[in-house]
Enquirer: 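Here it is, the structure in full.
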Amino acid sequence: MNEAYELDVNGVRYPINAAMDRNLSSVLRTEVGLTGTKEGCDDCECGACMVLIDGQPVNSCSYLAAQAQGREVTTVEGILDGDNLHPLQRNLLEEGGVQCGFCTPGMIMSAQALLTRNPSPTEEEIRIGLSGNLCRCTGYQRILAAVERTAAES
Amino acid sequence: MVIAESPRFMRADGPDKVTGSGRYTADLTLTGMLTAKFLYAGVSHARITKLDVTAARHVPGVFAVLTQADVPDIRYGSVADRTLFSDGVIRFEGEVVAAVAAIDTKSAQAALDAIVFEYEELPVINDVEAALEPDTPLVHENWATYDADDDVSRQANVASFTSITRGDVDAALAGADRVISSRYVADASHAVPIEPRGVVAQWEGDRVTIWSSTQVPFQARDGVCEVLELPTNRVRIIVPHLGGGFGGKCGFHYEAHIAALARASRRPVRLVFSREEEFLAPDRRREGMIIEVTSGLNADGTIAGRRSRVLLDNGAYSSDAAFFPHMAAMHALGPYKIDHVHAEASSVYTNHQPSGSVRAPTAPQACWALESHTDELAKAIGMDPVAFRQLNAVDTGATGVTGQVYDEIGLQECIREAVAASAYGDELADDEAVGVAIGWWPTFPGASGAYIKVDSDGKGVIITGAQECGTGAVMTLPYLAAAELGMAPEDFELVYQDTSVGPYDVGATGSQTLLNNGRATVEAARQIAVQLKQLAAEKLEASPDDIVLNGGKAFVAGSPDSGVTIAELAAIAADGEMLLGRGSGAPPETPEAPNTVSCVGDQGMNGWAGPQFSCHAVRIRLDRDTGVVRVLEVNTAHDSGVIINQIGASGQVEGGVLMGIGQALTERTVYGADAKQMNAGLLEYKLQTMADAPPISIHFAEVYTPDMGPNGSKPIAEAPNVATAAAISNAIAKLVGKPVRLLPMTAERVWETLQEDGA
Ligand code: FES
Ligand code: FES
């Protein structure tokens, strides 16, 4: 049975009509229409679906969409700096931290949450902070460099 | 033309990928689109006794239910042992028995539940050595009747076999000072791209468009054409952004199933795999392997002779079988100067998921075994293992195991530089050690094509059949074209991964994109350069031979200030003979290996074109109480010729190394007694995380390699995956006192080895 409710995603209020057992990643991708949030496992194991809920990083595949009512949901589409790339986005590209790009949105959301919580993290803190985001392409070295550079620049 | 400076490389697809606006296959929606689901066998070896889909077809919301009875009766594959749906015998658990298209996932599941599927189980063949026993039943009872390449020999469950012989190995071993034999066993593992595969198909009249997360769109198209009996120009494969592949998305997989469902249901249909399906179903798993090597040593430490035997777990069907034994045999002999060799390798049918190309297929496992054996050899004669490799490994002018004489190569430079960058020879804590290993990998020259057009405003488009899987290879093409035309890389846009638009390309496989498509792009650009020079010559009243293209202008050599812009020339051309280039670039020749005999299974690859070499040195820490190994630092050196795109090449090394660490320590597929996978999930399979990843240093031995890739380059994507597990093994052996003979070298296996005598 579908039910009607509202979600606040990237500062926009969306009317939703969906079954109450739908997870947030699937509602974001199909009802809200934002496909930047990726699904690599649907099982809380890869981090590709990471979004922020009231600033906290959450694997949206394992979070009920209806539970996000009344909270601020931020996806990768919501972190652009006006028309410009967010420093994390730009630094990931300049450092070469993006290959296939499938882990990238989740990685950006986790890094954003980390840097908000801890603006000057140590290397170890970054490694642990992003250890829930799997990347099969890069070996992580350039992602680490991009996050370090973003922290150093701000 | 050589690019003077390696560009600081910003990939053209990057903004799409970091903003979330880029579409991957699972992001696509078409009006009226249905959801596909498969009924998998769920049993490893069985004969179907009843398959009835009548009730499933009547489930509300269901538009189509298909089995093998509904598609042309065609077998395909390198040994034609495969059918789209089960042919009546189930040979592995992930075999597709039926496919459903329905209005939503729930209806599709209801239809699957309504299929009557009954079978009688057959004894499972769960082990390659058991598969070779004389009384073991055949995985393919009638396989003598299947089509196959001429070089496939059909003996019992041996899907394919290769031997390589040079000199007289028996005499060499008999006359050797020391003879040492080793046996190593590697488990199967997986490619694990983070994007699970997706396929969307839509028919318009008698033509079908298929969006697929494939690394090899042309191969996928040809597969669809073969099994659905369609001409190539009515099947269009488009690859949206591809979320990684590593070989796992090579081959022809589910495009035809979804096209057939879309045709039957008269609706667009989409399939998106779960992570579990991604582990269980595709014909693309890194094969388990048994490697036995015997080497004879002379008193001076040189290698007198080597005999190697490799058994590969082919699984139930032969996606790449014909080619694997050859690769494995070469890797079980290694990049060494040995005059007397004999290698045999067999890929053996079992009731496991089929093997297929995963990043440097066969190499990491065989290299791990051979390089661990190499450290055993050095140890047996009290020689430093690095000095042993410096003595025995090939280099410029040397003759390798198959008799190939190497042109200028950089293997010895790789050994020197990787070791120098590492802590090898330094005083280390007593729970730390550095292991060193060398690796090699061939280059795969092949056909490829590109078109370039430069429009009236002087902006260009490169239209290529090449496929980008994340490596950045396609993203590098604008740099090559721009260098030929004196333009900026940003002047070019790319149209790619669309089989109805670009010329044929083998795809993102065999590290071949920049090698083959780079040459094609350069050739296409050169045709436009000729046109531009002609136009400029007319305008400047000079000879075309004197015209230089540089900085967005054409000018007479020596007079850069009095030139004409490319945009002006393009505007002139737009009203007459347009600026259109096309190239395919004749593939480089494969060198000979004149003294080798391959009795059967010869893939013509005893001589390797543009061989790539590497050395990895890895420092680890071992917790002797638990067997847990932590990788602290990896120092790599690679001869991949001249490096065109430093960031891209470095990214390949770093990613390949991390995959190698996973293979070394954690990644394995565990089979139950029923031959079914027991750890088909990310948590259980265990990829390396950022917290596990060590710092990685890279040295490129930039040997200019003529007649190979553009600008003296060789490929890079697979090579970094070859030697990492081997180097880790050698570090572990130093601390344990003997090698761990099972891959991955899990904490449990390291601990067990520590408890053995002699450890
Ligand atoms: S899709 Fe949510 S963690 Fe993988
Ligand atoms: S860039 Fe491909 S998974 Fe991270």
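Letters A, B, ... are given to chains in the order of the sequence lines, protein chains preceding strands, and every chain is numbered from 1. None of the values given here were measured: they were computed from a predicted structure.
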Enquirer: Verify, without hydrogens or angle tests, whether A/Gln141 (side chain) and B/Ile696 (backbone) share a donor-acceptor contact under 3.5 angstrom.
Expert: yes

Enquirer: Report the C-alpha distance between A/Leu92 and B/Lys17 in whole Å, list the side-chain angles of each, state the deciding distance to 0.1 Å, and finish with yes or no for side chain to side chain contact (heavy atoms under 4.5 Å, CB included).
Expert: CA-CA 10 Å; A/Leu92 273 168; B/Lys17 288 177 171 177; over 6 Å; no

Enquirer: For a side chain to side chain contact (heavy atoms under 4.5 Å, CB included) check, start with the C-alpha distance between A/Gln99 and B/Gln652, then their side-chain angles and the critical distance, and finish with the verdict.
Expert: CA-CA 9 Å; A/Gln99 288 189 26; B/Gln652 289 310 295; 3.1 Å; yes

Enquirer: Hey, what do you get for OG1 (A/Thr35) to CZ (B/Arg23), rounding to the nearest 0.5 Å?
Expert: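 A/Thr35 atom OG1 to B/Arg23 atom CZ measures 3.5 Å (nearest 0.5 Å).
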
Enquirer: What part of B/Pro15 lies closer than 4.5 angstrom to a heavy atom of chain A: side chain, backbone, both or neither?
Expert: both

Enquirer: Can you establish whether the number of heavy atoms outside A/Glu148 located under 6.0 Å from its atom CD is more than 12?
Expert: yes

Enquirer: Is any side-chain N of the basic residue among A/Asp42 and B/Arg275 closer than 4.0 Å to the acidic one's carboxylate O?
Expert: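 No, no charged N to carboxylate O under 4.0 Å.
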
Enquirer: Indicate the atoms forming the closest heavy-atom contact of A/Leu144 with B/Met690, along with that distance.
Expert: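 Looking at all heavy atoms of both residues, the shortest contact is N-CE, 4.0 Å.
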
Enquirer: B/Ala191 versus chain A, heavy atoms under 4.5 Å apart: side chain, backbone, both or neither?
Expert: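 Only the backbone of B/Ala191 comes within 4.5 Å of chain A.
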
Enquirer: What are the two closest heavy atoms between A/Gly40 and B/Pro196, and how far apart are they?
Expert: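 Smallest heavy-atom distance, with atoms named: O-CG, 3.7 Å.
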
Enquirer: Count the heavy-atom pairs under 4.5 Å between each of A/Ser131, A/Cys103, A/Cys100, A/Pro105 and chain B, then report the option with the highest count.
Expert: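 Looking at each option in turn, the highest pair count goes to A/Cys100.
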
Enquirer: Please give me the minimum heavy-atom distance between A/Gly101 and B/Tyr24, naming the atom from each residue.
Expert: C-OH, 3.3 Å

Enquirer: Looking only at non-hydrogen atoms, find the nearest pair between B/Ala693 and A/Tyr140 and report the distance.
Expert: CB-CD1, 3.9 Å

Enquirer: Which bit of B/Phe246 is near chain A, if near means a heavy-atom gap under 4.5 Å: side chain, backbone, both or neither?
Expert: side chain

Enquirer: Count the heavy atoms belonging to other residues, nucleotides or ligands that lie under 6.0 Å from CD of A/Glu3, then report whether that count exceeds 12.
Expert: no

Enquirer: Could you give the distance from CD1 (B/Ile194) to NZ (A/Lys38), rounded to the nearest 0.5 Å?
Expert: 13.5 Å

Enquirer: Looking at every heavy atom in both A/Leu85 and B/Val18, which two are closest together, and how far apart are they?
Expert: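 In this case the closest contact between A/Leu85 and B/Val18 is CD2-CG2, 4.0 Å.
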
Enquirer: Where on A/Glu124 is there a heavy atom nearer than 4.5 Å to chain B: the side chain, the backbone, both, or neither?
Expert: neither

Enquirer: So that I can tick it off, tell me whether B/Glu667 and A/Arg136 are bridged by a salt bridge, with the cut-off set at under 4.0 angstrom between side-chain N and carboxylate O.
Expert: yes

Enquirer: Roughly how far, to the nearest 0.5 Å, is the CZ atom of A/Arg127 from the CG atom of B/Asp692?
Expert: 9.5 Å

Enquirer: Tell me, side chain or backbone of A/Leu134 under 4.5 Å from chain B's heavy atoms, or both, or neither?
Expert: both

Enquirer: Heavy-atom distances under 4.5 Å only: say whether A/Thr104 touches chain B with side chain, backbone, both or neither.
Expert: side chain

Enquirer: Measure B/Thr19 against the heavy atoms of chain A and call it side chain, backbone, both or neither at under 4.5 Å.
Expert: both

Enquirer: Between B/Glu654 and A/Arg142 (salt bridge meaning N to carboxylate O under 4.0 Å), is one present in this structure?
Expert: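 A salt bridge is present here (some side-chain N lies under 4.0 Å from a carboxylate O).
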
Enquirer: Counting only heavy atoms closer than 4.5 Å, note whether A/Leu34 contacts chain B via side chain, backbone, both or neither.
Expert: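 It is neither, since no heavy atom gets under 4.5 Å.
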
Enquirer: Given 3.5 Å as the limit, does a donor-acceptor pair link the side chain of A/Glu45 with the main chain of B/Leu682, or not?
Expert: yes

Enquirer: Using heavy-atom distances under 4.5 Å, tell me whether B/Val657 contacts chain A through its side chain, its backbone, both, or neither.
Expert: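 Answer is neither: B/Val657 stays 4.5 Å or more from chain A.
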
